[in-house]
K.L.:
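The following block contains the structure, expressed as structure tokens.
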Amino acid sequence: MEPTEKKTNFITNAIDHDIDNKVYTNDRVHTRFPPEPNGYLHIGHAKASLLNYRISQEYQGKFNLRFDDTNPSKEDMEYVDSIKEDLAWLGIKWDDRLFFASSYFDKMADYAVELIKKGLAFVDDLTSEEMREYRGNLTEPGKESPCRSRSVEENLELFEQMKCGKLPEGSRVLRAKIDMASPNMNMRDPAIYRILHIKHHTADKDWFIFPMYDYAHPIEDAIEGITHSLCTLEFEDHRPFYEWVLSNLDDFQNEPPRQIEFAKLNLTKTIIGKRYLKQLVDEKIVDGWDDPRLATISGLRRRGYTPESIQAFCEAIGVAKTNSTVDIAMLEHFIRDDLKLKAPRLMTIMDPLKVTITNYPEDQVEWVELPLNQEDPDMGNYTTPFSREIFVEKADFMEAPPKKYYRLFPGNEVRLRGAYFITCNEVVKDEDGNVIELKCTYDPATRSGSGFSERKVKGTIHWVDINHAKEIEVHLYDYLIDDEAGINKDNFIEHINPNSLEIVNAYAEPEVMKATPYEKFQFIRNGFFSVDPKYSTPAKLVFNEIVSLKSSWKPSK
RNA sequence: AGGGGUAUAGCCAAGCGGUAAGGCAAUGGACUCUGACUCCAUCAUCCGCAGGUUCAAAUCCUGCUACCCCUGCCA
């Protein structure tokens with residue numbers, strides 16, 4: 001009967017404040033997620049999109065998906081498709097509210113004309129280099145462009161020519177007329193339209209001019225009736241221009257949207273940032289945008305992460321204005337937590353060591369029954385074969401064990417999960433002295449489920465019957481980068497972990513072979529694994545390691 | 001004196017003048033046919049620093065300090 005308190009943060013506080021002050025009609029709340037289709041979504045976008053979506057849900061408001069496609073030189077339909085797929089997978093619903101900034105291009109151009117007529121915008125002939133010189137710098141004011149005083153008529157004429165494609169690419173630009181001496185660089189007559197003779201991927205007609213983000217975004221938000229326009233911190237000092245645009249356009253005097261900025265997500269041992277992800281993909285350092293080592297949504301999906309785990313993670317990290325770096329252990333916690341009850345628990349051997357049970361009949365096979373998940377009896381049971389020759393993990397045997405080692409060592413008895421107690425009697429080595437086989441004896445009285453309680457054993461290990469084992473390929477992962485050192489955005493490529501992927505052939509009990517792409521399992525004592533959709537074939541299943549199991553076992557000193 | 005931001009535990013993060021939530025990590029212990037899970041316990045005399053106001057300050061005021069962002073015809 002715990003009252004589930006709504007999680008508050010500075011954004012919900014701001015919205016509550018707006019509601020208290022009756023800022024928006026009927027206390028409406030309308031958010032949006034405005035990705036530019038120029039790359040794949042990553043975990044940072046999950047935070048942003050889920051944040052916007054959840055807020056709309058909590059306030060019984062609306063949520064729009066809007067592609068901010070104002071720069072055709074970088075954008076592509078491949079990305080809009082992947083973004084829609086990723087968002088839907090994350091559980092975000094935009095109903096029929098799917099929009100494209102490009103569908104507002106006509107209106108935006110009309111609004112530019114309105115600004116020109118009001119004497120608030122002008123066509124500039126300065127080259128981009130000249131503009132940079134005229135802009136001044138952080139401590140010195142800029143100077144006004146010679147074109148700033150052009151007549152409204154001339155500006156109108158020139159803008160029309162820009163729009164019709166009569167002027168060469170890059171030759172002119174439409175600028176807002178604000179203040180070249182503003183301490184805020186974004187207010188020093190920012191460019192609002194540039195000439196680009198590029199075919200736009202979605203626009204319904206040919207355009208030769210394209211609006212800049214700073215000009216387009218407030219208009220997009222206002223047209224859609226957005227109330228709270230959430231974006232990241234670096235746009236904080238763009239806010240004055242966002243407000244300038246809306247306050248100077250007649251259509252948007254009523255209930256204009258409000259921009260609120262929050263800190264983007266950073267994760268330890270993880271490279272987030274479209275530009276860097278694209279570099280990894282383009283330089284083929286990784287296996288595409290959906291490489292399981294990447295924090296892209298598609299990578300996490302292929303790795304075996306669930307939408308629920310990502311939702312829970314994003315909920316848990318909260319949202320604030322503090323630049324922060326979340327420990328990757330937090331993400332890993334939530335996938336373990338989610339899969340704990342969902343994933344069947346089966347046995348595989350990653351690094352095999354043969355064990356012969358010398359007192360077990362040569363040709364006998366018995367099928368022992370095990371729960372698919374003992375924490376969820378409803379999942380039912382399955383059977384697995386047991387016979388004279390089995391594989392156990394190499395790590396589960398030590399010839400000279402440290403204190404508190406509960407696994408196999410000469411003379412020690414352990415339980416084989418779901419089967420019998422075995423005692424290690426003899427260690428077989430090759431000519432180099434490597435342990436290649438163990439000879440053990442089992443105690444028939446100790447069969448699982450028999451109620452045997454004469455003696456206890458400290459360790460239980462997993463195993464696989466050699467004659468029934470199937471080979472599978474397992475991809476074990478380590479972090480792509482190690483951020484303990486002085487790593488930064490520019491040198492991360494030199495800090496790529498060369499051992500981030502280890503491919504091993506493992507042995508699985510027969511039940512594992514029923515697995516289908518994306519299906520997730522706990523391989524007992526090894527971790528959570530998911531069937532790789534890209535490389536699995538009917539002949540050989542490939543499993544991605546999602547995350548290992550936690551372990552408090554540490555060899556004593 | 002360029003402008004805009006942010007500082008609460010190892011990492012996130014609540015808190016909004018009444019005496020420091022929660023999660024992750026970590027540590028100890030219980031349990032265990034997964035050294036997992038679960039459970040129990042521990043983990044900020046203190047909120048970047050220094051002053052001030054107040055019966056009372058992480059919360060208000062003043063002054064510092066540190067870090068982040070801003071000089072694309074990118075978003």
Side-chain angles (χ1 to χ4, degrees), chain A residues 5 7-9 13 34-36 38 68 70-71 73-75 124 126-128 131-133 135-142 169-175 182-188 190-196 209-210 212-214 216-217 231-240 261 263 265 268 274-275 312-313 315-334 336-337 340-341 345 347 370-371 374-375 404-407 414-419 421 446 448-449 456-462 522-527 548-554:
Chain A
E5 282 189 29
K7 197 164 180 176
T8 64
N9 55 58
N13 290 348
E36 184 190 16
N38 68 345
D68 205 0
T70 56
N71 185 357
S73 70
K74 294 188 174 178
E75 298 154 7
D124 201 343
L126 256 32
T127 64
S128 52
M131 263 185 73
R132 194 184 328 124
E133 288 162 17
R135 188 150 35 227
N137 57 44
L138 297 180
T139 51
E140 290 163 27
E169 195 165 292
S171 62
R172 303 281 166 81
V173 87
L174 183 70
R175 290 229 253 170
S182 172
N184 182 345
M185 301 298 286
N186 299 300
M187 299 300 267
R188 319 248 263 225
I192 59 179
Y193 263 102
R194 77 282 221 180
I195 302 173
L196 243 36
I209 56 170
F210 294 91
M212 301 288 290
Y213 168 88
D214 279 343
H217 211 84
C231 65
T232 44
L233 252 29
E234 66 269 28
F235 291 103
E236 224 154 7
D237 40 44
H238 293 235
R239 193 170 64 228
E261 310 86 7
L265 172 66
T268 59
K274 262 191 221 175
R275 185 183 134 203
F313 168 75
E315 184 82 45
I317 59 174
V319 57
K321 298 194 71 160
T322 319
N323 283 312
S324 61
T325 302
V326 175
D327 194 333
I328 188 74
M330 185 88 96
L331 215 210
E332 296 174 344
H333 163 78
F334 285 102
R336 286 192 189 102
D337 190 54
K340 185 166 58 195
L341 296 177
R345 288 137 61 153
M347 298 191 287
L370 282 159
Q374 68 265 50
E375 288 186 68
K404 294 207 186 156
Y405 184 81
Y406 301 149
R407 289 111 98 155
V414 303
R415 173 178 287 288
L416 292 178
R417 180 172 183 272
F421 283 11
T446 59
S448 281
K456 294 269 187 203
V457 103
K458 292 286 278 186
T460 295
I461 65 174
H462 58 106
Q522 180 186 141
F523 289 160
I524 294 283
R525 298 211 304 140
N526 273 321
S548 64
L549 255 28
K550 286 179 64 173
S551 173
S552 60
W553 158 248
K554 28 193 181 311

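So that the names make sense, note that chain A is the first sequence line, chain B the second, and so on, each numbered from 1.
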K.L.:
What is the distance from CG of Asn186(A) to C1' of C70(B), rounded to the nearest Å?
P.N.:
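These atoms are roughly 6 Å apart.
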K.L.:
Would you check, one step at a time, whether the test side-chain hydrogen bond (donor to acceptor under 3.5 Å, both in side chains) holds for Ser182(A) with Asn184(A)?
P.N.:
CA-CA 5 Å; Ser182(A) 172; Asn184(A) 182 345; 5.5 Å; no
K.L.:
Please measure how far the C1' atom in C64(B) lies from the corresponding atom in U71(B), and state the result in whole Å.
P.N.:
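Per the computed distance, 29 Å lies between those C1' atoms.
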K.L.:
In whole Å, what is the span from the CG atom of Asn184(A) to the P atom of G2(B)?
P.N.:
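For the pair Asn184(A) CG and G2(B) P, the rounded distance is 16 Å.
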K.L.:
Determine whether a donor-acceptor pair (N or O, by modelled atom type, separation under 3.5 Å) exists between the side chain of Thr460(A) and the backbone of Arg417(A).
P.N.:
no
K.L.:
Closest approach to the side chain of Tyr213(A), judged atom by atom: which nucleotide of A75(B), U34(B), U71(B) is it?
P.N.:
A75(B)
K.L.:
Output yes when a side-chain donor or acceptor of Lys7(A) lies under 3.5 Å from a complementary backbone atom of Glu315(A), and no otherwise.
P.N.:
yes
K.L.:
Please work out if Gly449(A) contacts a base, only the sugar-phosphate, or nothing of the nucleic acid, heavy-atom cut-off 4.0 Å.
P.N.:
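Counting heavy atoms under 4.0 Å across all strands, the contact made by Gly449(A) includes a base.
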K.L.:
Could you check if a side-chain atom of Phe313(A) sits within less than 4.5 angstrom of a side-chain atom of Met330(A), using non-hydrogen atoms only?
P.N.:
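When only atoms from C-beta onward are counted, Met330(A) and Phe313(A) do touch, with a gap below 4.5 Å.
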K.L.:
Can you tell me the distance, in whole Å, between the CD atom of Glu236(A) and the P atom of C70(B)?
P.N.:
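So the two atoms are 12 Å apart, to the nearest Å.
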K.L.:
How close or far is atom P of A36(B) from atom OH of Tyr406(A), stated in whole angstroms?
P.N.:
11 Å
K.L.:
Can you tell me, in whole Å, how much space there is between the C1' of U59(B) and that of G52(B)?
P.N.:
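Pairwise C1' distance, U59(B) against G52(B), rounds to 15 Å.
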K.L.:
Among C74(B), C73(B), G2(B), which nucleotide sits nearest the side chain of Lys74(A)?
P.N.:
C74(B)
K.L.:
Need one value for Ile317(A): base, sugar-phosphate or nothing, where a base atom within 4.0 Å counts as base even if backbone is also close, heavy atoms only.
P.N.:
sugar-phosphate
K.L.:
Determine the Euclidean distance between corresponding P atoms of U6(B) and A14(B); express it in Å to zero decimal places.
P.N.:
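Rounded to whole Å, the distance is 13 Å.
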K.L.:
Determine the contact category for Gly136(A): base if any of its heavy atoms lies under 4.0 Å from a base atom, sugar-phosphate if only primed atoms, P, OP1 or OP2 are that close, otherwise nothing.
P.N.:
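The residue Gly136(A) makes base contact.
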K.L.:
Under 4.0 Å between any heavy atoms, over every strand shown, what does Thr70(A) touch: base, sugar-phosphate, or nothing? Just pick one.
P.N.:
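If one applies the 4.0 Å heavy-atom cut-off, Thr70(A) turns out to touch the sugar-phosphate alone, with no base involved.
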K.L.:
Of Glu36(A) and Pro183(A), whose closest RNA chain B nucleotide lies nearer the 5' terminus?
P.N.:
Pro183(A)
K.L.:
Could you give the distance separating G51(B) and A57(B) at their C1' atoms, to the nearest angstrom?
P.N.:
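Pairwise C1' distance, A57(B) against G51(B), rounds to 14 Å.
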K.L.:
Need to verify one output field. Residue with the more 5' nearest nucleotide on RNA chain B, Leu233(A) or Arg525(A)?
P.N.:
Leu233(A)
K.L.:
Would you mind classifying the nucleic acid contact of Phe210(A) as base, sugar-phosphate or nothing, using non-hydrogen atoms under 4.0 angstrom?
P.N.:
nothing
K.L.:
Evaluate the side chain to side chain contact (heavy atoms under 4.5 Å, CB included) criterion for residues Leu126(A) and Glu133(A): first the C-alpha distance (whole Å), next the side-chain angles of each, then the deciding distance (0.1 Å), finally the verdict.
P.N.:
CA-CA 10 Å; Leu126(A) 256 32; Glu133(A) 288 162 17; over 6 Å; no
K.L.:
Between Glu261(A) and Glu234(A), is a side chain to side chain contact (heavy atoms under 4.5 Å, CB included) present by the stated rule, with each step listed?
P.N.:
CA-CA 8 Å; Glu261(A) 310 86 7; Glu234(A) 66 269 28; over 6 Å; no
K.L.:
Report which part of the nucleic acid Ser128(A) touches: base, sugar-phosphate, or nothing (heavy-atom distance under 4.0 Å, all strands).
P.N.:
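Base contact.
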K.L.:
Select base, sugar-phosphate, or nothing to describe what Thr8(A) touches, counting heavy atoms under 4.0 Å on all strands.
P.N.:
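Sugar-phosphate, backbone atoms only, no base.
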K.L.:
Among the candidates A36(B), G2(B), A13(B), find the nucleotide nearest to the side-chain atoms of Gln374(A).
P.N.:
A36(B)
K.L.:
Select one nucleotide: of G72(B), A14(B), A75(B), the one nearest the side-chain heavy atoms of Ala320(A).
P.N.:
A14(B)
K.L.:
Roughly how far apart, to the nearest Å, are U19(B) and A58(B) at atom P?
P.N.:
11 Å
K.L.:
Anti or syn, where syn is a glycosidic angle within 90° of 0; which label fits G72(B)?
P.N.:
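Classified syn.
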K.L.:
Can a salt bridge be assigned to the pair Arg194(A) and Glu169(A) using a cut-off of 4.0 Å between side-chain N and carboxylate O?
P.N.:
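No, this pair does not count.
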K.L.:
Which one, U34(B), G5(B), C73(B), comes nearest to the side chain of Val173(A)?
P.N.:
C73(B)
K.L.:
Do any side-chain nitrogens or oxygens of Arg194(A) fall under 4.0 Å of OP1 or OP2 in A75(B)?
P.N.:
yes
K.L.:
Do Asn186(A) side-chain atoms and Asp237(A) backbone N/O form a donor-acceptor pair below 3.5 Å?
P.N.:
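Yes, Asn186(A) side chain to Asp237(A) backbone: donor-acceptor pair under 3.5 Å.
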K.L.:
Do Arg415(A) side-chain atoms and Thr446(A) backbone N/O form a donor-acceptor pair below 3.5 Å?
P.N.:
yes
K.L.:
So what does Asp68(A) touch, heavy atoms closer than 4.0 Å: a base, only the sugar-phosphate, or nothing?
P.N.:
sugar-phosphate
K.L.:
Classify the side chain of Arg407(A) versus the base of G35(B) as yes if they form a donor-acceptor pair under 3.5 Å and no if they do not.
P.N.:
yes
K.L.:
When we call it a touch if two heavy atoms are under 4.0 Å apart, what does Val457(A) touch: a base, just sugar-phosphate, or nothing?
P.N.:
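The answer is nothing, as Val457(A) stays clear of every strand by at least 4.0 Å.
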K.L.:
Is Lys550(A) salt-bridged to Glu332(A), going by a charged N under 4.0 Å from an acidic O?
P.N.:
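Not counted as a salt bridge, because no side-chain N and carboxylate O are separated by less than 4.0 Å.
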K.L.:
Would you indicate what His238(A) reaches in the nucleic acid, counting non-hydrogen atoms under 4.0 angstrom: base, sugar-phosphate, or nothing?
P.N.:
base
K.L.:
Ignoring the backbone of Asp237(A), work out which of A36(B), C70(B), G35(B) is nearest its side chain.
P.N.:
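The nucleotide sitting nearest to the side chain is C70(B).
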K.L.:
Base, sugar-phosphate or nothing for Asn9(A)? Non-hydrogen atoms, less than 4.0 Å.
P.N.:
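Here Asn9(A) touches the backbone only, sparing every base.
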K.L.:
Answer with base, sugar-phosphate or nothing: what part of the nucleic acid does Met347(A) contact at a heavy-atom distance below 4.0 Å?
P.N.:
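Here Met347(A) touches no strand at all.
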K.L.:
Could you tell me how far C11(B) sits from A25(B) if I compare only their C1' atoms? Round to whole Å.
P.N.:
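Taking atom C1' in both A25(B) and C11(B), they lie 7 Å apart.
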K.L.:
Sugar-phosphate atoms are those with a prime plus P, OP1 and OP2; base atoms are the rest. Using that split, label each nucleotide of nucleotides 19-31 of chain B B, S or - for protein heavy atoms under 4.0 Å, 5' to 3'.
P.N.:
----BSSS-----
K.L.:
Among U71(B), A75(B), A36(B), which is the nearest nucleotide to the side chain of Arg135(A)?
P.N.:
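Side chain of Arg135(A) sits closest to U71(B).
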K.L.:
Please report the distance separating the P of G23(B) from the corresponding atom of C37(B), rounded so that it comes out in whole Å.
P.N.:
16 Å
K.L.:
Select base, sugar-phosphate, or nothing to describe what Ile192(A) touches, counting heavy atoms under 4.0 Å on all strands.
P.N.:
nothing
K.L.:
Ignoring backbone atoms, establish whether Ser182(A) has a side-chain N or O less than 4.0 Å from OP1 or OP2 of G3(B).
P.N.:
no
K.L.:
With a non-hydrogen cut-off below 4.0 angstrom, is Gln522(A) in contact with a base, only sugar-phosphate, or nothing?
P.N.:
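Contact class for Gln522(A): base.
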K.L.:
Expressed as a whole number of angstroms, how long is the span from Lys340(A):NZ to C37(B):P?
P.N.:
8 Å
K.L.:
Could you report the tightest heavy-atom contact between Glu36(A) and Lys274(A), atom names first, then the distance?
P.N.:
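Here Glu36(A) and Lys274(A) meet closest at O-NZ, 3.1 Å.
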K.L.:
Considering only side-chain heavy atoms of Lys321(A), which listed nucleotide, U34(B), C70(B), G5(B), is closest?
P.N.:
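For the Lys321(A) side chain, the nearest candidate turns out to be G5(B).
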K.L.:
Side chain of Glu375(A): nearest nucleotide among C37(B), G4(B), G35(B)?
P.N.:
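Nucleotide nearest to Glu375(A)'s side chain: C37(B).
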K.L.:
Among A75(B), U71(B), A36(B), which nucleotide has an atom closest to any side-chain atom of Ser552(A)?
P.N.:
A36(B)
K.L.:
If the P atom of C60(B) is compared with that of A7(B), how far apart are they to the nearest Å?
P.N.:
12 Å
